[in-house]
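Numbering of residues begins at 1 and proceeds along the displayed sequence. Numbering of ligands and ligand atoms starts at 1, following listing order. This is a predicted model, so every value here is computed, not measured.
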Amino acid sequence: MRKRLVAGNWKMNTNMQDGYRLLKDILDGVRENELQSCDVHVYAPFTHLKVFSNSLNGSGILLGAQNCHHEASGAYTGEVSAEMLASVPVGGVLLGHSERRQYFGETNEVVGQKVNQALENGLQVIYCFGETLEEREANTHFDVVERQIKEGLGHLTVEQWDNITLAYEPVWAIGTGKTATAEQAQEIHASARNLLGSMVNNEVAEKTRILYGGSVKPNNAGELFGMADIDGGLIGGAALNADSFKGIITA
Ligand code: 13P
């Protein structure tokens with residue numbers, strides 16, 4: 001059985017003070033018995049990580065960053081390495097988000113190198129993939145997501161898959177209020193799981209969690225998470241409010 005996972009991606013939101021208040025509200029709201037049936041992750045801005053790491057210590061909630069560089073270290077002004085993240089410490093990193101692909105030119109290959117850095121430094125990875133509206137309308141969405149998974153993760157060993165979670169985020173559903181229907185999401189999740197079976201093996205296909213992201217709210221989370229191959233959610237806007245984040249965890 002795959003344990004459910006609800007992960008909040010805060011993106012470039014909250015200053016230090018507002019972020020700290022939100023984290024406290026989340027900590028107050030999430031009960032220990034909920035964490036028994038559902039893992040909870042918070043992907044916060046870099047500036048917040050050290051303070052958050054102290055606050056979340058022993059809480060059972062995993063803290064992660066939203067990006068890392070694809071090289072180990074060096075002359076990359078302004079960048080943050082996976083080793084730096086691990087030393088904070090944080091437990092994970094979100095990689096390949098469509099906003100990074102779209103606005104910062106990240107390719108499957110570069111994201112794959114970031115995955116290597118993260119895994120070498122003991123971080124858990126949530127690897128995001130998903131098609132644009134044009135790709136869906138051109139009926140190429142299955143090919144697009146297959147390529148994203150193969151090119152970004154095809155090089156991993158069986159053992160490395162222990163630390164990978166996938167997140168399907170159709171670009172047209174992110175921040176738009178337009179959620180993929182549970183059936184639309186399920187058919188992509190099923191095909192991604194199928195692909196893992198042929199690309200790695202059946203055991204990895206069965207145990208790897210595949211999250212859905214894109215306008216998940218407390219009122220649609222239950223239906224989405226009820227689908228056979230949807231193992232939880234990657235939450236943007238609704239993760240910025242402790243009540244709605246908690247509502248999604250309860251769902
Ligand atoms: P929204 O939940 O705001 O649509 O964002 C989804 C997302 O991009 C999470 O990574």
Test item, K11 contacting ligand 1 (heavy atom, 4.0 angstrom): yes

Would you please indicate if the ring centroids of F52 and W10 are separated by under 6.0 Å? yes

Mark up the atoms of ligand 1 that fall under 4.0 Å of a heavy atom belonging to G214, in ascending order. 4 (O), 6 (C)

Are Y43 and H41 close enough that their ring centers fall under 6.0 Å? yes

I'd like to know if A173 contacts ligand 1, where contact means a heavy-atom distance under 4.0 Å to any ligand atom. yes

Could you say whether the N/O atoms of H97 and ligand 1 ever approach to under 3.5 Å? yes

Near L234 (heavy-atom distance under 4.0 Å), the atoms of ligand 1 are 9 (C), 10 (O)

Nearest-contact summary for atom 9 (C) of ligand 1 - protein heavy atom, Å: E169 OE2, 2.9 Å

Measuring from the heavy atoms of G175, does anything fall under 4.0 Å of ligand 1? yes

By side chain to side chain contact (heavy atoms under 4.5 Å, CB included) - contacts of D162 (at least two apart): K207

Taking only non-hydrogen atoms of N9 and a 4.0 Å limit, the atoms of ligand 1 in range are 9 (C), 10 (O)

pair L153-W161: side-chain heavy atoms closer than 4.5 Å: yes

Looking just at side-chain N and O atoms, do Y168 and E131 make a donor-acceptor pair shorter than 3.5 Å? yes

Identified side-chain hydrogen bond (donor to acceptor under 3.5 Å, both in side chains) partner of E106 from the options H97, K114, Q113, H70: K114

Closest protein heavy atom (residue, atom, distance) for atom 3 (O) of ligand 1: G237 N, 2.8 Å

Quick one: SG on C128 to CG on N9, what's the gap to the nearest 0.5 Å? 7.5 Å

For atom 2 (O) of ligand 1, which candidate among G233, G236, G213 holds the nearest heavy atom? G236

